[in-house]
Amino acid sequence: MVNAKIEKFFAALAKANPKPKGELEYTNPYTLLVAVVLSAQATDTGVNKATRSLFAAVDTPEKMVKLGEKKLRNHVRTIGLFNTKAKNILSLSKMLIERFDGKVPRDRAALESLPGVGRKTANVVLNIAFGEPTIAVDTHIFRLGNRTGLAPGKTPLAVEEALLRRVPKKYLRHAHHWLILHGRYVCKARKPDCPNCVVRQFCEYDAKTTA
DNA sequence: AACTCGGGGCA
DNA sequence: TGCCCAGAGTT
């Protein structure tokens, strides 16, 4: 995809998402980190529902340790893979207290050293909590990047690097979130809603299937 | 590269 | 009722 096309691609996404919801609503790096760890292979709505009461009372690693793994597990029981996730979140919270002064580190290697935190989760935290120009490539963005021709790549890391090269700098701050929302609700895996897609005129997939 | 974790949402 | 989901860790 050529540069002029990419610029219009993101301008259209920006216009379609004036007030993006979801992760951008988090102002606390710690609850953001916990929410993203919980969201692995689960639906965002399910995570939001389960964590609403939890985060009202528990918004620091100290409070999480005090709550304990058993009660945490009860809070997130409706989320898939909750057993492993609860264990990771307790362990991760203790590590934050012992090694990072109780704060979420603004550092990729430090973040990825935490249990349950991989490259995708680290990128979300770096972007949303600290304003770093990262792109977190999940299944949605991986599919969208390849399908549209915006950022083709064999692996998630390859797609991430392609996006970092191609996304205009002024859009880098929000590109990650726009792409996730677009992949989730419009450029869906099964049945992409091309008729209602704001970037269809820049999309190689739409050109191939409907032209 | 393949396998496992996992309850809820949705067709 | 069956299939899939805002991944990460292990083998």
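Chain naming here is simple, since letters A, B, ... match the order of the sequence lines and numbering starts at 1 in each.
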Engineer: Do you know the tightest heavy-atom contact between A:Cys197 and A:His182?
Structural biologist: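 Residues A:Cys197 and A:His182, closest heavy atoms: SG-NE2, 3.3 Å.
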Engineer: Would you say A:Thr51 and A:Thr31 make side-chain contact, with heavy atoms under 4.5 Å?
Structural biologist: no
Engineer: Whole-Å distance between C:dC5 C1' and A:Arg143 CZ?
Structural biologist: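 Value for this atom pair: 11 Å.
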Engineer: Quickly work out the A:Tyr185 OH to B:dC10 P distance and round it to whole Å.
Structural biologist: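 Taking OH of A:Tyr185 and P of B:dC10, I get 10 Å after rounding.
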Engineer: For A:Asn123 and C:dG7, what is the distance between atoms CG and P respectively, to the nearest whole Å?
Structural biologist: 13 Å
Engineer: At what distance, to the nearest 0.5 angstrom, does CZ of A:Phe9 lie from CG of A:Leu150?
Structural biologist: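 Rounded to the nearest 0.5 Å, the CZ-CG separation comes out at 5.0 Å.
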Engineer: Report yes if the side chains of A:Met64 and A:Ile89 come closer than 4.5 Å at any heavy-atom pair, otherwise no.
Structural biologist: yes
Engineer: What is the separation between atom CZ on A:Arg77 and atom C1' on B:dG7, rounded to the nearest whole Å?
Structural biologist: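 Going from CZ in A:Arg77 over to C1' in B:dG7 covers 11 Å.
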Engineer: Which whole number of Å gives the distance between the C1' atom of B:dG9 and that of C:dA8?
Structural biologist: 23 Å
Engineer: Take atom NZ of A:Lys191 and atom P of C:dC5, then tell me their distance rounded to the nearest Å.
Structural biologist: 16 Å
Engineer: Of all the choices, C:dA8, B:dG9, C:dC3, which nucleotide is nearest to the side chain of A:Lys49 once you look at every atom?
Structural biologist: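 Side chain of A:Lys49 sits closest to B:dG9.
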Engineer: Considering just the side-chain nitrogens and oxygens of A:Thr121, establish if one lies under 4.0 Å of OP1 or OP2 belonging to C:dA8.
Structural biologist: yes
Engineer: Not counting sequence neighbours, which residues clear side chain to side chain contact (heavy atoms under 4.5 Å, CB included) with A:Thr45? List them please.
Structural biologist: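 Per chain and number, A:Thr45 pairs via side chain to side chain contact (heavy atoms under 4.5 Å, CB included) with A:Thr43.
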Engineer: Is any side-chain N or O of A:Arg190 closer than 4.0 Å to OP1 or OP2 of C:dC4?
Structural biologist: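 For C:dC4, OP1 or OP2 has a side-chain N or O of A:Arg190 closer than 4.0 Å.
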Engineer: Check each residue of residues 108-118 of chain A for a non-hydrogen atom within less than 4.0 Å of any atom in DNA chain C, then write out the ones that pass by number, or none.
Structural biologist: A:Leu114, A:Pro115, A:Gly116, A:Val117, A:Gly118
Engineer: Taking CG from A:Leu38 and C1' from C:dG7, how many angstroms apart are they, rounded to a whole number?
Structural biologist: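 In whole Å, C:dG7 C1' lies 12 Å from A:Leu38 CG.
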Engineer: Given the P atoms of C:dT1 and B:dG6, what is the spacing between them in whole Å?
Structural biologist: 24 Å
Engineer: In whole angstrom, give me the gap between the C1' atoms of B:dG8 and C:dG9.
Structural biologist: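 Pairwise C1' distance, B:dG8 against C:dG9, rounds to 23 Å.
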Engineer: Compare all side-chain heavy atoms of A:Val199 with those of A:Thr148 and state whether any distance is below 4.5 angstrom.
Structural biologist: no
Engineer: Report yes if the side chains of A:Val186 and A:Asn196 come closer than 4.5 Å at any heavy-atom pair, otherwise no.
Structural biologist: no
Engineer: Does NZ in A:Lys103 sit with more than 12 non-hydrogen atoms of other residues, nucleotides or ligands closer than 6.0 Å?
Structural biologist: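 Counting neighbours around NZ of A:Lys103, 12 or fewer heavy atoms of other residues, nucleotides or ligands fall under 6.0 Å, so no.
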Engineer: Whole Å only: how far is the NZ atom of A:Lys188 from the C1' atom of B:dG9?
Structural biologist: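 So the two atoms are 14 Å apart, to the nearest Å.
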Engineer: Mind checking the CG-CG spacing from A:Leu90 to A:Leu67? Nearest 0.5 Å is all I need.
Structural biologist: 7.5 Å
Engineer: For B:dA1 and C:dA6, measure between their C1' atoms and round to the nearest Å.
Structural biologist: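 Per the computed distance, 23 Å lies between those C1' atoms.
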Engineer: Could you give the distance from NZ (A:Lys120) to NE2 (A:His176), rounded to the nearest 0.5 Å?
Structural biologist: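 Separation between the atoms: 7.0 Å.
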Engineer: List, with names and distances, any nitrogen or oxygen atoms from the protein found under 3.5 Å away from nitrogen or oxygen atoms belonging to nucleotides 3-6 of chain B.
Structural biologist:
| unit_1 | atom_1 | unit_2 | atom_2 | d |
| --- | --- | --- | --- | --- |
| B:dG6 | OP1 | A:Asn83 | N | 3.3 |
| B:dG6 | OP1 | A:Thr84 | N | 2.9 |
| B:dG6 | OP1 | A:Thr84 | OG1 | 3.0 |
| B:dG6 | O4' | A:Leu81 | N | 2.9 |
| B:dG6 | N1 | A:Gln41 | O | 2.9 |
| B:dG6 | N2 | A:Gln41 | O | 2.7 |
| B:dG6 | N3 | A:Leu81 | N | 3.4 |

Engineer: Which whole-number value in Å describes the distance from A:Asp44 CG to C:dG7 C1'?
Structural biologist: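 Answer to the nearest Å: 15 Å.
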